[in-house]
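Computed from a predicted model, the values in this text were never measured in an experiment.
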Amino acid sequence: QVQLVESGGGSVQAGGSLRLSCAASGYTYSSNCMAWFRQAPGKEREGVAAFYIGEGSTYYADSVKGRFTISQDNAKNTVYLQMNSLKPEDTAMYFCAFRHVACTLVWSVRHEYNYWGQGTQVAVSS
């Protein structure tokens with residue numbers, strides 16, 4: 001059973017930065033995909049970024065390209081989301097997600113993921 005624990009959320013002013021962490025346990029190294037999703041009040045959960053653990057490829061939503069960076073510390077089984085130049089519209093609950101197959105062009109489809117973290121809140125004020 002894969003377990004995901006997120007941390008790093010908080011409140012920041014527009015233009016600021018935050019780094020989210022997702023520590024994963026309970027899986028063996030293989031072609032896995034870890035992703036970050038977010039959900040703002042009254043909105044659908046949307047994919048933000050994904051990291052293909054077996055290969056190192058990264059995927060981003062257009063809304064965060066150039067501002068967010070997803071990376072992995074393999075030794076710590078942790079995936080990070082570095083968020084720079086934050087905007088008020090980035091305010092949301094951020095969730096880490098995991099699936100046992102590779103990231104593909106459908107990486108942002110939420111039902112493709114088997115495991116989810118509890119979420120961490122990000123608030124960006126103007």
Side-chain angles (χ1 to χ4, degrees):
Q1 182 80 3
V2 177
Q3 293 185 319
L4 305 172
V5 179
E6 301 116 328
S7 61
S11 298
V12 66
Q13 289 190 324
S17 298
L18 285 172
R19 188 177 79 158
L20 306 183
S21 300
C22 176
S25 61
Y27 74 96
T28 55
Y29 180 80
S30 63
S31 295
N32 302 304
C33 183
M34 286 184 69
W36 287 96
F37 285 73
R38 66 186 181 187
Q39 188 166 17
K43 294 189 175 182
E44 294 288 320
R45 191 171 297 188
E46 62 174 358
V48 175
F51 190 97
Y52 179 9
I53 294 174
E55 185 184 86
S57 300
T58 56
Y59 305 79
Y60 295 95
D62 288 343
S63 59
V64 305
K65 280 181 182 177
R67 300 188 298 122
F68 290 12
T69 301
I70 190 169
S71 62
Q72 183 204 19
D73 184 332
N74 195 35
K76 296 181 180 179
N77 287 344
T78 300
V79 169
Y80 303 97
L81 185 68
Q82 177 67 43
M83 305 186 295
N84 298 327
S85 302
L86 282 161
K87 304 175 181 180
E89 50 264 44
D90 294 317
T91 295
M93 184 71 80
Y94 283 70
F95 297 90
C96 181
F98 179 99
R99 69 190 199 193
H100 286 297
V101 294
C103 299
T104 65
L105 292 177
V106 295
W107 66 269
S108 60
V109 177
R110 60 180 292 187
H111 70 252
E112 295 283 334
Y113 291 83
N114 310 104
Y115 305 96
W116 292 84
Q118 79 285 356
T120 184
Q121 181 67 44
V122 171
V124 185
S125 59
S126 57

For the pair [X] (side chain) and [Y] (backbone), establish whether a donor and an acceptor sit closer than 3.5 Å, ignoring hydrogens and angles.
X	Y	answer
Q121	A92	yes
S57	E55	no
T91	V124	yes

Quick check: do [X] and [Y] have side-chain heavy atoms less than 4.5 Å from each other?
X	Y	value
F95	L20	no
N32	V2	no
Y60	T69	yes

Open item on the list: Could you walk me through whether W36 and V79 satisfy the side-chain contact (heavy atoms from CB on, under 4.5 Å) test, starting with their C-alpha distance in whole Å, then the side-chain angles of each, then the deciding distance to 0.1 Å, before giving a yes or no?
Closed with: CA-CA 9 Å; W36 287 96; V79 169; 3.9 Å; yes

Open item on the list: Atom CD of residue position E46 - does it have more than 12 heavy atoms of other residues, nucleotides or ligands inside 6.0 Å?
Closed with: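 Yes.
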
- [ ] Answer yes or no on whether R19 is positioned over the face of Y80, meaning its NZ or CZ is under 6.0 Å from the six-membered ring centre and within 45° of the axis.
- [x]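 Yes, R19 lies over the aromatic ring of Y80.
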
Pair up each side-chain donor or acceptor in residues 106-119 with any protein partner under 3.5 Å, not counting sequence neighbours, and list the distances.
unit_1 : atom_1 : unit_2 : atom_2 : d
Y113   : OH     : W107   : O      : 2.5
Q118   : NE2    : E6     : O      : 3.3
Q118   : NE2    : E6     : OE1    : 3.4

Task: Basic-acidic side-chain contact under 4.0 Å: K65, D62 - done: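 Salt bridge between K65 and D62, a charged N being under 4.0 Å from a carboxylate O: yes.
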
TODO: Could you walk me through whether Q72 and M34 pass the side-chain contact (heavy atoms from CB on, under 4.5 Å) test, one step at a time?
DONE: CA-CA 9 Å; Q72 183 204 19; M34 286 184 69; over 6 Å; no

